[in-house]
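All values below were derived from every heavy atom in this structure, side-chain atoms included, with hydrogens, water molecules and symmetry-related copies excluded. Proteins get letters first, then strands, A, B, ... in listed order; numbering begins at 1 in each.
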2 protein chains.
Amino acid sequence: MRADAQRNRDRIVEVARALFRAKGFDAVSMDEVAKGAEVGPGTLYRHFPTKESLYDAVLEAWAGKVNAAVDRALSLDASARERLLTWLTEYAAMLTEHKGAAARITAALGDPGSPFAAKCTTYVNANQRLIDGLDSALRPGVEAIQISRLVGGVAAVVDNSELPADSMAPMLAIVADGLLAP
Amino acid sequence: MRADAQRNRDRIVEVARALFRAKGFDAVSMDEVAKGAEVGPGTLYRHFPTKESLYDAVLEAWAGKVNAAVDRALSLDASARERLLTWLTEYAAMLTEHKGAAARITAALGDPGSPFAAKCTTYVNANQRLIDGLDSALRPGVEAIQISRLVGGVAAVVDNSELPADSMAPMLAIVADGLLAP
DNA sequence: TTGCCAAACGGAGAGTGTCTCCGTATAGTT
DNA sequence: AACTATACGGAGACACTCTCCGTTTGGCAA
């Protein structure tokens, strides 16, 4: 990639990250991103053929954080319930870090054609590692993608309704208790 | 209201209901509704100043069904868990009856300014009656709006991802067990 | 340094969507 | 039958995503 192209790409992602974080996916227009990055719309679309692919680039850094978080939670010296709740809380917090991300990522969970497919795999794998790590403490038969969807659903609701972050805690506690063996 | 206006209004709602049910909120354009109802866009917007207000009119009939469903579930001769699960299942099924409704209604749950405010109140009240009816079987401190959000979240995920309806059952079971006293 | 050209740029505009304005038509009353 | 408040409908304003293509430029080779 030519140096000017790389510079433009970097600037676009940086501007887009700030805008998406502040206003949410829907409220940001591509023109706005282009103007902010001081490029024409054509240049923006050369780098990112759709708005979602731009969003994907913005979310790029997340995947690594997810695996770190599940490791941290599993290695805690605490009860299964506490470790589970720690992870669910961190997972939900990451999903609500950018407005609109929770619903989009969660909706794409089972769709290999989605631009977020790679991120979805990361999330589901993290939950699978959680299941393996907590082992018999969880109810039998629970699947990683169900956990991903439950927490994603809660995060999406809180995000959409613009609720304070701490309103998630009681709902995550309900989910956690439901996930533990009856 | 003049008779011709009433006829047009009725026809608009009828056409919109069919379109929304078939294609989902986002995929239906107002022009499409206007054409289907054989009125001009101006007429459509005279009756429904925004697309959401049209959606609200389409969902009008639901409120009554919700109260009937919670009564039915509570009066079952069964365990608390079974009655709870019956209601959650019916509630979620109603939310996914129209594509896109679950996320929209659930996002509006705490917002009195929303066009769906009346419906939200109905839903939350139904869950409050559930809490009152199941009494001490539920974990202490659980709130009606939390149940509304949890089930709404699950329904929205299933709806967004176009999953089969029966994929909701295991997630609702987790929520139900989490809601019952630990 | 100079010249070349593939790569990148950017803006006009096509296509689609929501919603408005206002001149025209008509229902219902006197 | 005339009158008027009410309703109609279509042109178009405005916003948004995305495309096409003529113009510019970075980086390499002579």
Closest to the 5' end of DNA chain C, once B:Arg7 and B:Ser29 are matched to their nearest nucleotides, is B:Ser29
Comparing A:Ala27 and B:Asp4 on DNA chain D - which has the more 5′ nearest nucleotide:
B:Asp4
Between A:Gly40 and B:Phe25, which has a closest nucleotide on DNA chain C that is more 5'?
A:Gly40
How far apart are the C-alpha atoms of A:Arg104 and B:Asn160, what are their side-chain angles, what is the distance that settles it, and do they pass the side chain to side chain contact (heavy atoms under 4.5 Å, CB included) test?
CA-CA 9 Å; A:Arg104 248 156 245 285; B:Asn160 271 337; over 6 Å; no
Got a salt bridge between B:Lys65 and B:Glu90, using NZ or NE/NH1/NH2 to carboxylate O under 4.0 Å?
no
Are the side chains of B:Tyr91 and B:Leu130 in touch, meaning some heavy atoms are under 4.5 Å apart?
no
Phosphate OP1/OP2 of C:dC9 contacted by A:Asn8 side-chain N/O (<4.0 Å)
yes
Please determine if a side-chain N or O atom of B:Tyr45 lies less than 4.0 Å away from the OP1 or OP2 oxygen of C:dC19.
yes
With the side chain defined as heavy atoms from C-beta on, A:Ala3 is closest, among D:dG26, D:dG9, C:dC19, to D:dG26
Rounded to the Å, how far apart are B:Leu54 CG and C:dT18 P?
10 Å
Euclidean distance, atom CE of residue B:Met30 to atom P of D:dA15 [Å, nearest integer]
19 Å
Specify the separation, in whole Å, of atom CG of B:Asp26 and atom C1' of C:dT18.
13 Å
Whole Å only: how far is the NZ atom of A:Lys35 from the P atom of D:dT17?
12 Å
Could I get the full list of side-chain contact (heavy atoms from CB on, under 4.5 Å) partners for B:Pro112, not counting sequence neighbours?
none
Find which nucleotide of DNA chain D each of A:Asp31 and A:Arg46 is nearest to by heavy atoms, and output the residue with the more 5' nucleotide.
A:Asp31
Could you go through A:Lys51 and A:Leu54, starting from their C-alpha distance and side-chain angles, then the distance that decides it, and tell me whether this counts as side chain to side chain contact (heavy atoms under 4.5 Å, CB included)?
CA-CA 5 Å; A:Lys51 192 177 176 183; A:Leu54 171 59; 5.5 Å; no
Report the distance from atom CZ of A:Phe48 to atom P of C:dG10, rounded to the nearest whole Å.
15 Å
Can you find a side chain N or O atom of A:Arg2 that sits less than 4.0 Å from OP1 or OP2 on D:dG27?
no
Provide the full list of salt bridge (charged side-chain N to carboxylate O under 4.0 Å, His left out) pairs with a residue in residues 143-162 of chain A, sequence neighbours left out, each pair given once.
A:Lys99-A:Glu162
OP1, OP2 of D:dA7 versus side-chain N and O of B:Thr43: anything below 4.0 Å?
no
At less than 4.0 Å, is any side-chain N or O atom of A:His47 found next to OP1 or OP2 of C:dC9? Yes or no.
yes
Using a heavy-atom cut-off of under 4.0 Å over every strand shown, decide if B:Val28 touches base, sugar-phosphate, or nothing.
sugar-phosphate
Spacing between B:Leu44 atom CG and D:dG10 atom C1', to the nearest angstrom
13 Å
To the nearest angstrom, the CZ-C1' distance between B:Arg9 and D:dC8 comes to 17 Å
Rounded off to whole Å, could you give me the OH-to-P distance for the A:Tyr55 and D:dC18 pair?
15 Å
At 4.0 Å (heavy atoms only), tell me whether B:Ala34 reaches a base, stays on the sugar-phosphate, or touches nothing.
nothing
Nearest to the side chain of A:Ala5 - D:dG9, C:dT18, C:dC9?
C:dC9
